[in-house]
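Okay, structure first, notes after.
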Amino acid sequence: MEKELRLMKGNEAIAEAAIRAGADGYFGYPITPQSEILEYLMEANPRETTGMVVLQAESEVAAINMVYGGAGCGKKVMTSSSSPGISLKQEGITYIAGAELPCLIVNVVRGGPGLGTIQPAQSDYFQATKGGGHGDYHLIVLAPASVQEMADFVEMSFDLAFKYRNPVMILSDGAIGQMMEKVYLKPQKKRSDEILPWATTGKPATRERNIITSLDLDPERQEKFNHKLIAKYREIEEKEVLFEEFMTDDAEYLFVAYGTSARICQKALQMARHEGIKAGLLRPITLFPYPKKRLNELADRVKGMLAVEMSAGQMVEDVMLSVNGKTRVSHYGRMGGMIPTPEEVLENLKLFIKGQEKWQR
Amino acid sequence: MAEINTNDIVRPENLTYVKSKILTDNVMHYCPGCGHSTAHRVLAEVIEEEDLQSRTVGITPVGCSVLMYNYIDVDFQEAAHGRAPALATAVKRLMPEKFVFTYQGDGDLAAIGTAETIHTCNRGENILILFINNGIYGMTGGQMAPTTLEGMKSSTSPYGREVATMGSPIKMADIVALLPGTCYVTRQSVNTAGGVRKLKRALKKAVQYQNEKRGTCFIEVVSNCPSGWKMTPVESNKWMEENMFPFYPLGDIKVPAE
């Protein structure tokens with residue numbers, strides 16, 4: 001079957017891609033700006049076609065714990081929400097990380113803190129990339145910048161989740177969730193009927209019972225387990241970094257931006273080049289693992305890096321850690337659901353070049 | 001006289017009781033006289049007698065029975081506090097042919113997990129919820145539970161539960177019996193041999209109803225907590241009979257039409 005071309009919202013693309021990736025279950029709770037994911041799945045009714053379970057839970061808390069239950073059976077399961085709902089899910093997410101279960105969590109970010117706004121933001125970067133819940137853990141975090149990537153990252157996330165037995169988050173925002181673009185959809189994959197050796201599927205006489213837990217009351221064993229997790233995260237940092245570069249070959253100043261901000265920076269970069277400013281862009285695609293090495297290399301040959309984010313300055317801290325003082329780093333951002341224009345990004349690049357930018361650290 | 005060892009006594013012809021093969025040899029951590037061990041044993045016997053081991057997935061709670069997976073030889077998932085019914089929902093939906101149960105205490109099921117309990121029962125998930133109600137938080141050291149009786153002392157109700165400020169004890173079995181999704185709701189005990197036999201019959205019915213996809217089965221076991229209640233096991237059973245049973249009367253609350 002050939003790839004199929006459709007005009008879709010980012011949220012719809014995620015839902016359709018999940019069905020086509022052979023997902024076994026989706027558990028969610030409505031919240032703007034991502035309710036289309038649950039709505040689309042309910043209307044598509046994949047129970048009748050692929051057998052995928054779609055359930056509207058009584059809360060985000062219940063939904064993420066349904067994901068835990070499904071993941072513990074070795075099934076391809078997912079949930080989605082937006083910022084306040086993702087905060088509610090954090091308890092479940094840390095249990096899933098602690099029990100080393102694979103799953104996909106989609107966050108279509110809106111402005112905060114608190115109930116905040118329903119407009120797009122990138123203010124959940126820290127929460128997504130530094131753990132989010134209690135305890136030492138990381139999610140693998142993917143940041144799509146188009147509707148096409150919303151679709152493509154679903155299957156990629158499931159693959160990564162099962163490869164490392166680790167939860168994966170797609171960190172999107174209200175803009176990419178709501179906007180419509182053309183998207184090439186992959187053909188329908190069959191749901192897997194493989195019984196995974198660690199999954200709770202009923203104990204046959206041929207193996208010991210499987211126990212899915214994040215509990216160990218022995219501190220020495222728990223510390224060993226923490227080391228095991230760290231080793232896994234280091235391996236992920238070695239092998240799974242993804243990023244995209246634009247005009248970095250001769251760049252003197254580098255934008256660093258992901259998702260919606262990266263698209264805006266692409267336009268600002270063209271405008272800068274038109275004015276003779278040698279600007280470039282590095283777009284991290286994975287936010288954990290972060291493209292630290294590449295930024296450190298680029299720091300040797302640029303005069304400065306400007307992180308552009310729809311936040312008060314979160315990812316910029318990872319840029320600073322990556323370059324480790326080798327070059328000047330600053331941040332330009334809008335918050336509260338406001339999206340910067342390419343013009344204002346360019347204006348702030350010029351201020352940064354002159355050392356007159358407002359954000360100082 | 002020749003020395004007698006255990007093997008001389010434990011002969012098939014002498015046996016009147018055999019430990020279920022589904023119970024592991026791990027030493028249970030429960031306090032002497034606690035009802036959890038007996039409830040575990042009865043559940044293990046039912047799993048063995050109904051030949052369910054190879055298709056059972058159990059969900060353990062947070063509370064005294066968090067380590068239940070060390071004692072019963074079936075696949076287990078350990079849930080966050082109160083969330084066991086959410087896990088069980090997904091397990092059963094994704095693998096409808098499995099026998100799925102949760103095992104939860106009163107703090108887990110009737111306080112922090114109330115929403116999951118109500119909505120799982122309301123959806124009529126084809127699972128068994130086994131609810132151990134001893135009216136206290138045992139594991140954390142004897143704090144007031146949602147099911148603590150009026151006037152009952154605990155470390156967080158040191159002058160006795162005052163209904164005006166702390167609310168009344170909550171009768172979860174009666175609440176979930178009102179929901180169309182539940183097919184079988186019953187309240188049992190494990191303090192006497194008769195009680196144990198009745199619980200076993202109730203569990204077997206729950207297995208049958210789950211096989212027949214009738215809806216949620218909810219079995220409450222009114223139990224004791226000698227340590228939390230600061231009583232000897234014998235005293236705690238007497239206190240339970242005199243105080244818990246009148247408020248939480250034993251027997252079927254809802255049975256399916258045959």
Side-chain angles (χ1 to χ4, degrees), chain A residues 23-27 47 51-77 79 89-96 98-99 101 103 133 191 193 195 198-217, chain B residues 21-22 24 26 29 47 51-63 66-100 102 112-123 125 127 139:
Chain A
D24 295 304
Y26 170 94
F27 307 90
R47 184 180 54 190
M52 177 184 178
V53 170
V54 183
L55 198 154
Q56 178 169 340
E58 62 270 30
S59 67
E60 282 95 347
V61 176
I64 191 68
N65 284 285
M66 289 172 184
V67 166
Y68 179 112
C73 302
K75 301 290 182 183
K76 235 182 230 186
V77 288
T79 185
K89 288 185 197 287
Q90 289 302 334
E91 180 202 40
I93 295 173
T94 168
Y95 274 68
I96 290 169
L101 297 176
C103 74
R191 284 174 53 228
D193 50 14
I195 293 172
W198 49 264
T200 55
T201 53
K203 177 200 173 309
T206 48
R207 67 156 164 82
E208 296 291 299
R209 65 186 179 283
N210 284 335
I211 298 164
I212 303 292
T213 182
S214 59
L215 173 71
D216 201 331
L217 294 172
Chain B
K21 290 191 195 78
I22 305 295
T24 67
N26 294 328
H29 69 279
I47 290 170
D51 196 18
L52 294 170
Q53 186 187 31
S54 64
R55 64 178 186 97
T56 294
V57 181
I59 316 288
T60 67
V62 171
V66 64
L67 294 170
M68 182 186 193
Y69 50 71
N70 286 336
Y71 311 130
I72 299 186
D73 191 21
V74 298
D75 281 358
F76 269 110
Q77 296 191 9
E78 202 291 299
H81 199 20
R83 315 298 171 221
L87 274 64
T89 293
V91 172
K92 188 69 181 180
R93 292 281 185 116
L94 289 159
M95 304 188 302
E97 72 285 4
K98 305 297 175 191
F99 175 69
V100 181
T102 71
I112 197 165
T114 317
E116 284 79 5
T117 306
I118 298 282
H119 286 278
T120 299
C121 288
N122 193 51
R123 287 190 302 266
E125 303 293 345
I127 62 162
M139 189 180 69

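Chain A is the first sequence line, chain B the second, and so forth, proteins listed ahead of strands; every chain is numbered from 1. For the numbers below, each heavy atom of this structure counts, side chains included, while hydrogens, waters and symmetry mates do not.
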Q. Are any of the side-chain heavy atoms of B:R123 and A:L55 separated by less than 4.5 Å?
A.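 In contact.
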
**Q.** Heavy-atom check, side chain of A:L101 versus side chain of A:W198, under 4.5 Å
**A.**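 With C-beta onward as the side chain, the pair touches.
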
Tell me, for [X] versus chain A, whether the close heavy atoms (under 4.5 Å) come from the side chain, the backbone, both or neither.
X: B:R93; result: both
X: B:T89; result: side chain
X: B:L52; result: neither
X: B:I47; result: neither
X: B:T60; result: neither
X: B:V74; result: backbone
X: B:A84; result: neither

Check whether [X] gets within reach of chain B through its side chain, its backbone, both or neither, counting any heavy atom under 4.5 Å.
X: A:R191; answer: neither
X: A:A199; answer: backbone
X: A:I64; answer: neither
X: A:F27; answer: side chain

Q: Sort out for me which of A:D24, A:V53, A:T201, A:L215 touches chain B most, counting heavy-atom pairs under 4.5 Å.
A: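 Most heavy-atom pairs within the cutoff with chain B belong to A:T201.
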
Q: Look at A:V77, A:V61, A:I212 and state which one has the largest set of heavy-atom pairs under 4.5 Å with chain B.
A: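 Of the options given, most contacts go to A:I212.
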
Q | Nearest heavy atoms of A:A63 and A:T79, plus distance in Å | A |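 Closest pair (atom of A:A63, atom of A:T79, distance): CB-OG1, 4.0 Å.
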
Q) Shortest non-hydrogen contact from A:Y68 to B:E78? A)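 Scanning both residues, the minimum pair turns out to be OH-O, 2.7 Å.
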
Under a 4.5 Å cutoff for heavy-atom pairs, which residue among [options] has the most contacts with chain A?
options: B:I118, B:L94, B:N122; result: B:L94
options: B:V66, B:T24, B:D73; result: B:D73
options: B:A115, B:G58, B:A90; result: B:A90

Rounded distance [0.5 Å steps], [atom1] in [X] versus [atom2] in [Y]:
X: B:K92; Y: A:M66; atom1: NZ; atom2: CE; value: 15.0 Å
X: A:E91; Y: B:R83; atom1: CD; atom2: CZ; value: 5.0 Å
X: A:E208; Y: A:K203; atom1: CD; atom2: NZ; value: 6.5 Å
X: B:N26; Y: B:L67; atom1: CG; atom2: CG; value: 10.0 Å

**Q.** A:Y95 ring center near B:H81 ring center (under 6.0 Å)
**A.**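 No, they do not, as the ring centres are separated by 6.0 Å or more.
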
Q: For B:D75 and A:G202, indicate whether the former's side chain and the latter's backbone hold a donor-acceptor pair under 3.5 Å.
A: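 The answer is yes, because a donor-acceptor pair under 3.5 Å joins these two groups.
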
